[in-house]
Every structure is written in structure tokens, then in C-alpha cells.
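Notes to accompany the following structure.
Just the heavy atoms: all of them, side chains too, but no hydrogens, waters or symmetry mates, feed the values below. Letters A, B, ... are given to chains in the order of the sequence lines, protein chains preceding strands, and every chain is numbered from 1.
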Protein chains: 4
Amino acid sequence: MCRIAAYAGPAIPLENIVVRPVHSLLEQSQHATEAKLAVNGDGFGISWYDDRGALGLYRDVLPAWADDNLINLCRMVRSPLFIAHIRASTVGETTRVNCHPFAYGRWSFCHNGQIPHFRVIRRRLMAALPEHLFEQMRGTTDSEMIFLTLLANGLEADPEHALALTLDQIGTAGDEGPIKLTCVFSDGETLYGFRHASTGPAPTLYVSEVLEHGGRAVASEPLCGMAQRWTAVPPDTLCKVTPEGFELCPLTAARAA
Amino acid sequence: MCRIAAYAGPAIPLENIVVRPVHSLLEQSQHATEAKLAVNGDGFGISWYDDRGALGLYRDVLPAWADDNLINLCRMVRSPLFIAHIRASTVGETTRVNCHPFAYGRWSFCHNGQIPHFRVIRRRLMAALPEHLFEQMRGTTDSEMIFLTLLANGLEADPEHALALTLDQIGTAGDEGPIKLTCVFSDGETLYGFRHASTGPAPTLYVSEVLEHGGRAVASEPLCGMAQRWTAVPPDTLCKVTPEGFELCPLTAARAA
Amino acid sequence: MCRIAAYAGPAIPLENIVVRPVHSLLEQSQHATEAKLAVNGDGFGISWYDDRGALGLYRDVLPAWADDNLINLCRMVRSPLFIAHIRASTVGETTRVNCHPFAYGRWSFCHNGQIPHFRVIRRRLMAALPEHLFEQMRGTTDSEMIFLTLLANGLEADPEHALALTLDQIGTAGDEGPIKLTCVFSDGETLYGFRHASTGPAPTLYVSEVLEHGGRAVASEPLCGMAQRWTAVPPDTLCKVTPEGFELCPLTAARAA
Amino acid sequence: MCRIAAYAGPAIPLENIVVRPVHSLLEQSQHATEAKLAVNGDGFGISWYDDRGALGLYRDVLPAWADDNLINLCRMVRSPLFIAHIRASTVGETTRVNCHPFAYGRWSFCHNGQIPHFRVIRRRLMAALPEHLFEQMRGTTDSEMIFLTLLANGLEADPEHALALTLDQIGTAGDEGPIKLTCVFSDGETLYGFRHASTGPAPTLYVSEVLEHGGRAVASEPLCGMAQRWTAVPPDTLCKVTPEGFELCPLTAARAA
């Protein structure tokens, strides 16, 4: 179980979401309250877009709370759209290439959850990747594979359809436990959030009301101390956040199609 | 608050103490039960002696639970005397030079606790070090300074006297809170454990009965799952463990002297 | 171009090969003389076997010359058979999982060279792996893939045949440049060395005469300062070193078969 | 011998100096031409100022050429004044706290060279530091000590005088070899460069003509491939670069005073 915090709106320092809130992502790395594991010390990462949509990526294997570079980066860099992630590993070694977010072209993606039967389907998913995406594979996580599969399924053209197709491809885990897939991703213009569990509750995800200086946050846990109220993203519903507002799009239609 | 586990006796694989017990040091790095902080993810270290008394040192800044090298080392290396430490930092950055144990000559030392007024006395302690010990200083922790001060105070000749002198030199912290100094150290022949708090309880330290295949462990928390019972080391008492047994020597006499 | 140094014989400290010789592996990491790149700073690793044949593995991404842990390990650990490798990366990020040696069961393997058309054949090689080997894949290097392919081709039963089959599977690189495959590997009993280039010279590999205290070394470059003379391993010839001596077995027979 | 590259002028991406030039700092990390050591793989760092003068710091122990985070940062971050440094260690372990630049308040500082008798004078220099600077000491390098001593000597009010006083305090190394002190530092408004050797040549330092899009670079070696010509900074002369131009101020006057 990992923790995610993201933002879309007027450019702000990354630290406004990642470091400063009372229950910031950094704080959650040591004291998560809605996760199975209270510690998320197996690496972290941030993807951020600048004013021209260029994508930056910073990932490391240290616990987030111990990394001065991260603190400096979050204080200095201002961005209109960014996604931060702290990792509590389930599959895959603690190496930079297994840290989220994953990036491809203008897309970045991070994931909280797991595919319990990943060992069974990994090979099939890998074989289904087109050459240019297969070559992007750097690590061994189910999360990276979900991202590449989403891209293979047309993420860039139709995110809802790509999610529906990808869930179908993942199939059911049977006795190995429920598939849990809460993810946050972006193309630099829209910030997407999504929650799914094959059975039982999906990992939590919330979208904030408009923050004090504008913009909205999407996070695994409300970044308390920020006065705004938070809306839980319903399961199987794609949440689309833009500077203009947010929209909740149930996936049912796409899956039925 | 850090966690310590050490051993003296017939040579055994390090993993018998560090990895395998149900409540091993590795397990405590994520789920300590008698510490203020449940997480000890700010680095770790092991000092070990071989059959000839040569001293090895392995320290790194990753959380112990994420380090394959550590697992391998603990499985492969057999030693008759070793000290392992996991760190939850209070003073000093997360760098290798701030990880315990510290080593000098045939001595290695690790510490759990803190000197709350360290900033006030650091300079004085540093000035009191003889040249050859001053040159050994690599990091910025109170722990390393305590070790160097113990050496300056004759640790090699008379550990009890050195402890008494060092506590006197540290003095009292006043309003900044109690001095806490639980430490485990060795010259490769005897394993020493010591607990002290200027007021309130000192960080815990236990010595085991003879383990299944001989030898004794000294640890911050009993390595449960090993059937043996554990004795709490009383405060201000130097515990000396050798292959022959252990001895508890109250420090009072030394301090009065 | 990486550098390799290995040893088989009476148990010695790893440092006798890795650190102490005038032109030791550590020295070569900064001043290789027979390699294209003089610097090998993209990680290192050592696999070593103990008296009972158990296999240890230590790999890290720091330049070897900067790692105190490595120096300590090499000083403390004695082994009758070990393989050390320093990396100058051509394919694959600098992460621990891309550092050599790679290990599987009782086998460990390291590689110097490259498959220039790896991107073209990676997918085919991956598809040819049986499930239990596919699951071992952790990184993205051609070297790890060669090792897994050797295992799939029966390395454990017949190394020469496995090498011949694997070279056939790799095929020819065409315009992308020559395939270079110098590798050193072991099952804990025999130390194997092998050199191959599809065209032009293969990366160098030498086997020493019996060293001062017994045993032989296999290395990319003679560890000068050790008085013994060194024999160049001929291309396409499997060199088998045991405590009893060494044997050179041309691969032609196996490939013809 | 380390390598330095810095810039002052209109805000540009860090990569324009650090990564893109044919003989960029990154390139120099593997193939320095005017340094004793061709490899600078013992860590790196960048300090940069934003439009409001806020100071960011990024340092790590990996070789610069292996760090994707660095590449990303240099591509994404634009700054009107920054200093980059790659390290080939002479004194002090390879830890982040020993990597340059060092920062204090709005000042950042990096150094190329060494004080050969540092062990002899370290204690004296340390004792001369006022409390607030003593507390800033994090590592064990002569470079950090020079920076703190410069601050103690009034760097913020009069850099030339502070340099003169500091050189006097360092004194002469006698038989241990020449003192070499080439440094680049800034308060976020002016970029300073300085070269000194007690005997023999000081490590090189050049200031560029106005670059294509404005601004000037200061570097250990000309970043060739940029068409501009470079001026060697004369020894014992403080070079002051601002957006308006650069000035060379011989230190003699200050030292005589």
C-alpha cells in the first residue's frame, strides 16, 4: 500500500502539497492512517509539468523523510500539475526503476494497490505490448506493467476505454486475493484519478474542493490542516481534474461498450 | 530511538540474531514495540569479529528491510561476536558516517538514546579529544562523540571508569530533557551493554539466557520466538557478556571513585 | 566494457584478488589498461561461495573505489571460489539489479561485452525462457538475459553445449556491430571463463599460473604485481578452473554437434 | 581535483551549462582534460537561485553521469545563477554532506583543490568558528571548513578581505605540498571565482565571453563547442560576474591591508 498526492491548478511550489500540510505526503510516509502499512519507506517519486507541459521526474530509493534533495526540490520547483508517490513495496525490489511515477512521452502514472496474480499474467501482458512500449519496460513491478498496458490500450486517446480494456486483460485473481488498483495519472493537462477493487474496498482516493489559492488536490488521504473538505472518488469512476473543476465519469459505460 | 541486537558465543551466522528470530532486529525495524518510534528506517549497521578478532563493519542508509546485501551478508558470515543496529535518527543526517556501529581499533560501539543539549556541549567534548581521536570524527552525531569521549576516557583500560567519567563530562541537560544513553560495545572479546537516563526510564536493554546452541544475545527488545527468557539490564549497570557467562557491575562504585 | 576478476583454490580473503594486487580489480576500476573505457564506475558486485558451497552476493551502484563496505567485506570474508565484477554500463540503468554477478540457485555469472542488437532479440529470448527462469528476471541488461538463456539451455548439465546453443540463439548482429561475450561463471565447484566475438577481438580474459599460496585467478587483465605469468584464454574456448588445475576446451565440437 | 561550472545571466535551463555543451561538466566527469584525474565520480552537486533569490541545493554520491534525476532536474529547472560541481575526492568520505556546493543562508560555495596540511590546522580553524557557523559543520572536508572560515571572516560584507584573511589563517603547508584553492561561490547576485596556489599553478578557472543568449559561464575548463572565447582568471584575483559584465580584482591590496 503506497500513498499518492497530486495537484492541478495555478502553479504552486511542490512543497505546498508534499511537505507543508499537517497530514502531507511526507507525514504520511511515516504515519499513514488509512493504509494497511503505516510506513511507506521503500522509495518515492514526483512527476511534475512546467508551464510549457514539459515533464520532469525525480525518484529515489531513500525514505522520503530522509532526503534533503527532495525537500529542496519541493521548495524550489513551482508547477501547475504534479503527482507525488511514496512506496511501500509489495512486488519488485527497492530500486529507482521500480519507484513511481512511471513516465512515457507526456504521460506520468502512479499506482497504489496490487495484482495478486501478477506472476501468472505478467508474461501474457508483456507479450501483448507493442514493440515501442515493450522497450520502455525498466523494472519488475505490476504497476509499470499496468501503465504500459494502459498505453497499449489507447490511454492517450480515451482513458476510460483504456482502463476498461486493461481491467478486462488483468482478469480475475481467483484465490490469490482481490485486485486493487487505485491510480493517479496525467498527460500534463488533465489530472486523472481512479479506484478499483475486484472485491472489497479499493484503496482510498479523495479530491479536494478548490484550495485556498486555487487548484485542487487528489490524494490517498485528505491532507488535513488544509481547511477544505474532500470528496471520496467512487470506485470504478474516473475522476478528471482540470483547472476548471472536476468531473466524475463512471466506467460502466466504457466497460459495457 | 534506535534498536540494537548483539551476540557473543560460539560462531553463528549473523542471520540467527538479525534476521531469523520472530522479533528479529529486521522485524523490529518495521514494528518495534518498546520504542517511541515504531519505524527505524534511517540506516543500519553491523560490526562483527572473526575468529582472530579482526573487526568488520557494514553500514548503509537504506532501511534494513530493503537491503538484499544485508540479507546475504547475514546469511553467509559467521561470527563469535557481533553488534547490529538500526537507526531512527534524532541528530545527524542519514549518511553512512552517521550510521552505527562506530569503530576504532578493535572497538566497535552503538548507541540508542540522545543527549538533548548536545549542541551546547559538542564543542567542549570535541576540544577535550586527544588528536588521534579527534581525527577519527567523521559525522555529526552525539553517538559518535560519546564513543570518542569514552575512548579518550580510557575505555580500553577500564570501561566502567570511562563510562562514569563520560557521564560526568556530559553533565546535565537542564530543561532540554533527560539524557538517555543505552549502548552496546565490544573489544572483540567481551560484549558490553549499558543503560542510563538522567531522569525517567533509560532505553530498554536485555540479556538472554544461554541460547539453544550456546552464546547469549543482548538486545533492545527480546528476540521473541527464541524460547529463552531475558534479563533486563538494570540502569547504571555495566553488563559484561563473554562466552563463559555474564556479569552485572553497578557503576556506582566507579562514579564515586 | 567491464572488468572481471575471479579465483578458485584454497580459501583466501577476497581482498587478495580484489584489493591488494598492484593492478587489482579496484585499481582497474579507475585505471583499466586493456579496456575501451578507463573508468568502470557504474556499480560492482561479488559472488562468493563458502566452504559448504553456499552462495553470497554483494552488489551496489557506487563506484567500487568509494565503498567502505566493499573494502571491509573483502578484508573479512575468506572464500575458496569467488567472482568480482566492476561495471561500465552500455545497456541498462545503474541499479543494483543490473549489477553483476547475477545469481540463480548455486550458479553465479558475470559478463563483459555486449549484444549490439539486443533490442531486436530481447523479446524472442524472453519468450524462450521457461517460466521458472522468466520469473528470475529483475533488470534490463543483455547480460542477465544471457545468463538466463544459458540456464534455459542446460548450463547446469553441459556448459559447453549451453554456450553453443546460446550463441546460436543470439545469432548475428548485422550492421549493429560485433557481438562480444566474455564471461566468467561458476557453480561453486568449477570456475568457468569464456571469450567470444562474432568478428574482431573478444574482450580479454586471462588465467594465472598457480598463485603463491595456491589457487588460480581468472581476470580481464593480469593482476600485475603478482609474480605469476598469465595465459590468455583463446576465443571460443571454455576455460575450466578447479583446485586441481585448469583445462581449455574449444567450443567447436559442441557447436558442430 | 574536481570540476566546476557556473553561470550568471538571464535565466536558462541548468542543462545548457551542465549537460549540453560538447565539453559540458557531465562530459568532464568522465573525460576531464586539464585535471590530474580524468575521472570525477565521487559525487556531484548543484546550487541554484530562482528569480527571487531563493537557494536550492541538490547533491548526491552517484557519479553524475549515472543519475537520471540530475538529468531531469537540469532539463526542467531554469535559473539566472547556478553553480555545479563534480567531485574527485581527496579528503572526506563519499557522502552527501561532503559533496559540494555547501550552502549557508543565501551563500553557496564550491572548491577545487586541497589543503595538504588540513589535519594539522583543522582543529584550529574549527575553534576559530563562531557558534552559529560551528553548528553548520556537517562533514569532514577541508572545503566545507574553508567556506565556514570565509563566512567567519566576513564573506558577506567583503569577499576579498575574507579571502585574504582565510588564506592567512590557512598559513603554509611546508613539506606537505602546495595549498591549492580554486573556488566559485555566490550570494545569489554576484558569481565569484578565485584561484590560488601557495606554490606552482593553481587549478584552472575560466570566465566566458557573453554567451549566445546572454550571461556568462565560469568553469574549470572551457565548455568547448560553445563558440565563445574564454578568459583565464589570473591567480590571486577575485573574478566578479554579474549580468552586467565581469571584473577582475587582484587580492594583493586586500592582503596588504
Side-chain angles (χ1 to χ4, degrees), chain B residues 11-16 18-20 43-85 95-106 108 136 138-139 144 188, chain C residues 11-16 18-20 43-85 95-106 108 136 138-139 144 188:
Chain B
I12 57 170
L14 305 180
E15 68 175 3
N16 286 19
V18 180
V19 180
R20 285 197 171 169
F44 66 85
I46 300 185
S47 63
W48 76 98
Y49 298 86
D50 69 12
D51 296 334
R52 304 156 204 200
L55 169 57
L57 191 63
Y58 179 68
R59 305 187 291 182
D60 210 346
V61 296
L62 283 177
W65 65 79
D67 188 31
D68 281 344
N69 287 335
L70 177 65
I71 307 296
N72 265 281
L73 194 76
C74 288
R75 188 169 47 76
M76 294 293 289
V77 170
R78 301 171 67 86
S79 163
L81 201 161
F82 55 92
I83 303 174
H85 183 274
T95 71
R96 280 194 188 175
V97 291
N98 283 346
C99 289
H100 308 218
F102 304 97
Y104 177 77
R106 67 177 198 275
S108 63
Q136 294 299 316
R138 287 291 172 273
E144 183 186 31
Chain C
I12 58 170
L14 306 180
E15 69 175 3
N16 286 18
V18 179
V19 180
R20 285 197 170 169
F44 66 86
I46 300 184
S47 64
W48 75 97
Y49 298 85
D50 69 13
D51 297 333
R52 305 158 203 198
L55 169 58
L57 190 62
Y58 179 67
R59 306 187 291 182
D60 211 347
V61 297
L62 283 177
W65 64 80
D67 188 32
D68 282 344
N69 287 335
L70 177 65
I71 307 296
N72 266 281
L73 194 75
C74 288
R75 188 170 44 77
M76 294 293 289
V77 171
R78 300 171 67 87
S79 162
L81 201 161
F82 54 93
I83 303 174
H85 182 274
T95 71
R96 280 194 188 175
V97 292
N98 283 345
C99 290
H100 309 217
F102 304 97
Y104 176 77
R106 67 177 198 273
S108 64
Q136 294 300 315
R138 286 291 173 274
E144 185 187 29

Of Asn72(C), Asn69(C), Leu70(C), Leu73(C), the one forming a side-chain contact (heavy atoms from CB on, under 4.5 Å) with Tyr58(B) is Asn69(C)
Nearest heavy-atom contact between Asp60(B) and Arg96(C) is OD2-NH2, 3.4 Å
Whatever's closer than 4.5 Å to a heavy atom in chain B on Asp67(C) counts as both
Exercise. Should the pair Asp50(C)-Arg75(B) be classified as a salt bridge under the 4.0 Å nitrogen-to-oxygen rule?
Worked result: no
Heavy-atom count check: over 12 atoms from other residues, nucleotides or ligands less than 6.0 Å from Arg78(C) CZ? yes
Under 4.5 Å to a heavy atom of chain C? For Leu55(B) that would be backbone
Note: Tyr49(C) and Met76(B) closest approach over all heavy atoms is C-CE, 4.4 Å
